[in-house]
Number of protein chains: 2
Amino acid sequence: MVKITDVARRAGVSPSTVSYALSGKRPISDETRRRVQAAVRELGYRAHVRARGGTGAGARVLALSVPLRSGVHVPVVTQFAVSVVTAARAHGHDVLLLTRDEGEEDVGRVAEAGLADALVVMDVQLQDPRLPLLRSSPLPSVLIGVPAEPDGLTCVDLDFGAAGELCVEHLARLGHRTVALVGSPPEVYVRRTAFARRLVRGFTAAADRHRLSSAVHPCGADRGAARALAERLLREQPAPTGVVVHNEPLLDPLTDAFEQLGLRIPADLSLVAVCPAPVAASARVPLTSVTVPAAELGTRAVHLLVQKLSGAPVPQVTLLPPRLTERASTGPRPV
Amino acid sequence: MVKITDVARRAGVSPSTVSYALSGKRPISDETRRRVQAAVRELGYRAHVRARGGTGAGARVLALSVPLRSGVHVPVVTQFAVSVVTAARAHGHDVLLLTRDEGEEDVGRVAEAGLADALVVMDVQLQDPRLPLLRSSPLPSVLIGVPAEPDGLTCVDLDFGAAGELCVEHLARLGHRTVALVGSPPEVYVRRTAFARRLVRGFTAAADRHRLSSAVHPCGADRGAARALAERLLREQPAPTGVVVHNEPLLDPLTDAFEQLGLRIPADLSLVAVCPAPVAASARVPLTSVTVPAAELGTRAVHLLVQKLSGAPVPQVTLLPPRLTERASTGPRPV
DNA sequence: CTGAAAGCGCTAACAC
DNA sequence: GTGTTAGCGCTTTCAG
């Protein structure tokens, strides 16, 4: 293993000079810097992180807390994770993946042991057990999601309330009078997951404002549940003609179920999805959707974290405005 | 931040005694150990990894190299990754996620900088650029996948050759005489990805042995490609009646395409998938499949790594035998 | 069975 | 602009 003293000897300078030449934390003559850089290259030197004791910059590792609780859809989470990793690498950081159900233990360990020097937190609940640790820890953190009480935290998220409203407004504009929201599995609401509840609130508020009759149905993600729910929706009086689906793994099964029940989309029934754009675009029936900008949220979170690490001030809450993309699954209310 | 000297003071012993009491690397009296443990608990002490300079056990961090090259199906990769993380946590390790296209840079950095003390390597190509680093590095590693020349490495994988044969044998037993393999996108073969090519070889060998006429078709993963391929297969003389699909994102589109072309599955056409069990089971038409045991492979890789870390000998190559599960997509050759 | 002391590789005061 | 030196928090000799 090649160490800083090896580089120093080879470049004919002292170890501290090598350190400074590399960090740029004090002026170094061009001549010296060149020699140091040459030595570094020739020996293939890389600073050993675990040696930067106490003082000094961190390990350039950032931890990502993604509790894989029941009901979270892994492919969507993965999109966030990949964008976080990519953005982190662009800033020279590596990413430590923390996935245990209750994120508290993970977050505590990482903070105490100095495993990472910053933290991205996902799947935030309104009252999240990780929040006290985040507030008290010296480790800078950014949440993807907004808890009930964001004071003293940094959060970024899609404006799910506005997203819920946008879906309803789209359907209202098409003349629909009865709408339904098919949401996440019940346990997600029981856990008080922030984004799920905000979407519901926005959906309901907009429906009331437009005087639409509306209902909300949490739903599990298997084909059986999809079929049962589809049948139930069609039995209602009046039956909804516009359905908003905020549940990725259910999109395909629910589309299938409606079609098997003899409905054509969008002639008989309009469907609006709330999901990442690729999911909506590659569905069997391309779905009109409000995009969950997974990649952008991950990237933003990392940017905010880098800002915080460099001491720059950051806004407490960043909400991205929702955007609706029309595809083939919505149309005028059937006559 | 609470350090080892704080614990020592509180327990009325020296720092080294605390260190030994915690590591168990030398005998400690019960009385002393108890006092140390009490102090640790009361103060909430955790060893700071970055201080274990040079000597000493590692940071208990294990790196996972998953180059996200084009054509790799992220949901499948994610299943591996999650199982690696879970297994690693069960052994007290955290996981650093490395996802850059060319894994060399990542692997080098991690090894040099001491960011991790072991390495799991995925998406292995027959000639993988990461191999030289793995062979020369002191960092223990385990590959999920088997390169052309596994000497000096530790590998674990599904026996994809046998998996290819198993698919063909199942179809042959059902009386099919003409079979096709729909594989990964062309770039995957061009990269000489190990498992993809082994499956092809097994498929072809078994088809020859059973005197079936066979063909192999790499295919991209979008609906357009699926449709085009389905049409092409049906135009062939003779047209295949048994199709093996080794391409997860293509399963649904290809099923749709065949049905839209008027074929019933399995009455007119039998389909065998090579994919993780959940994917096959939850498809619209439940698919007969050879299971890619993603979770087990991840877990095994971590076990092997832990063995290596503890100095135990491990086998060079571990191949898991394939298992075929019959579901609704295969039946006798149409008459 | 326990303590004192050296040293891990690196950074940052403190010198010149 | 550069070198010397004193740590960082921990582990592990070396001594009792």
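Lettering follows sequence order; numbering is per chain, from 1.
- Ring-plane geometry between B:Phe160 and B:Phe195 is classed as tilted, the angle between the planes lying from 30 to 60 degrees on a 0 to 90 degree scale.
- Side-chain atoms of B:Ser16 stay outside donor-acceptor range of the base of C:dA5, with no qualifying N/O pair under 3.5 Å.
- Salt bridge B:Glu105/A:Arg46: present, at least one basic N to carboxylate O contact under 4.0 Å.
- Salt bridge annotation for A:Asp6-A:Arg9: present, with a cationic side-chain nitrogen under 4.0 angstrom from a carboxylate oxygen.
- With hydrogens and angles left out, the side-chain atoms of A:Ser16 and A:Ser19 include no donor and acceptor closer than 3.5 Å.
- Comparing atom distances between the B:Pro27 side chain and each of D:dT2, C:dC10, C:dC1 picks out C:dC1 as nearest.
- Look at CD1 on A:Ile28: it is 13 Å from C1' on C:dA12, rounded to the nearest Å.
- When each of D:dT13, D:dG1, C:dA13 is scored by its nearest atom to the side-chain atoms of B:Tyr20, the top-ranked nucleotide is D:dT13.
- Atom CD1 in B:Ile4 sits roughly 19 Å away from atom P in D:dG7 (whole-Å rounding).
- Between A:Ser65 and A:Arg130, the side chains place a donor N or O and an acceptor N or O closer than 3.5 Å (distance only, hydrogens not considered).
- Across C:dG3, C:dT2, D:dT4, the shortest atom-to-atom separation from the side chain of B:Ser14 is found for C:dG3.
- Atom CG in B:Leu22 sits about 10 Å away from atom P in D:dC10, given to the nearest Å.
- D:dC10 atom P lies 5 Å from atom CE of B:Met1, rounded to whole Å.
- For the pair B:Arg60 CZ and D:dT11 P, the computed distance is 12 Å after rounding to whole Å.
- Taking for each of B:Ser23 and A:Arg33 the nucleotide of DNA chain D with the nearest heavy atom, the 5'-most of the two is the partner of A:Arg33.
- Side-chain nitrogen and oxygen atoms of A:Thr32 include at least one within less than 4.0 Å of the OP1 or OP2 phosphate oxygen of D:dT2.
- Between the CZ atom of A:Arg35 and the P atom of D:dG3 there is a distance of 8 Å, given to the nearest Å.
- For B:Lys3, counting side-chain heavy atoms from C-beta on, the closest listed nucleotide (C:dC10, C:dC1, D:dC10) is D:dC10.
- Looking only at atom types and distance, the side chain of B:Ser83 has no donor-acceptor partner in the side chain of B:Thr299 under 3.5 Å away.
- Look at B:Ser29 and you'll find a side-chain N or O under 4.0 angstrom from OP1 or OP2 of C:dT2.
- Between its opening and closing five pairs, the helix from C:dC1-D:dG16 to C:dC16-D:dG1 changes axis direction by 40°, a value rounded to 10 degrees.
- Close to D:dT12, at under 4.0 Å from its OP1 or OP2, lies a side-chain N or O of B:Lys25.
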* Evaluate the salt bridge (Lys or Arg N to Asp or Glu O under 4.0 Å) criterion for residues A:Arg100 and A:Asp106: first the C-alpha distance (whole Å), next the side-chain angles of each, then the deciding distance (0.1 Å), finally the verdict. => CA-CA 7 Å; A:Arg100 290 205 291 186; A:Asp106 279 336; 3.3 Å; yes

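- For D:dG3, the base has a donor-acceptor partner in the side chain of A:Arg26 [N/O atoms by modelled type, under 3.5 angstrom].
- The CD-P distance, from A:Glu112 to D:dG9, rounds to 13 Å in whole Å.
- A straight line from CZ of B:Arg46 to P of D:dT11 spans 15 Å, rounded to a whole angstrom.
- An OP1 or OP2 oxygen of D:dC10 is reached within less than 4.0 angstrom by no side-chain nitrogen or oxygen of B:Ser19.
- Considering only residues two or more places apart in sequence or on other chains, B:His73 meets the ring pair (Phe, Tyr, Trp, His ring centres under 6.0 Å) condition with none of them.
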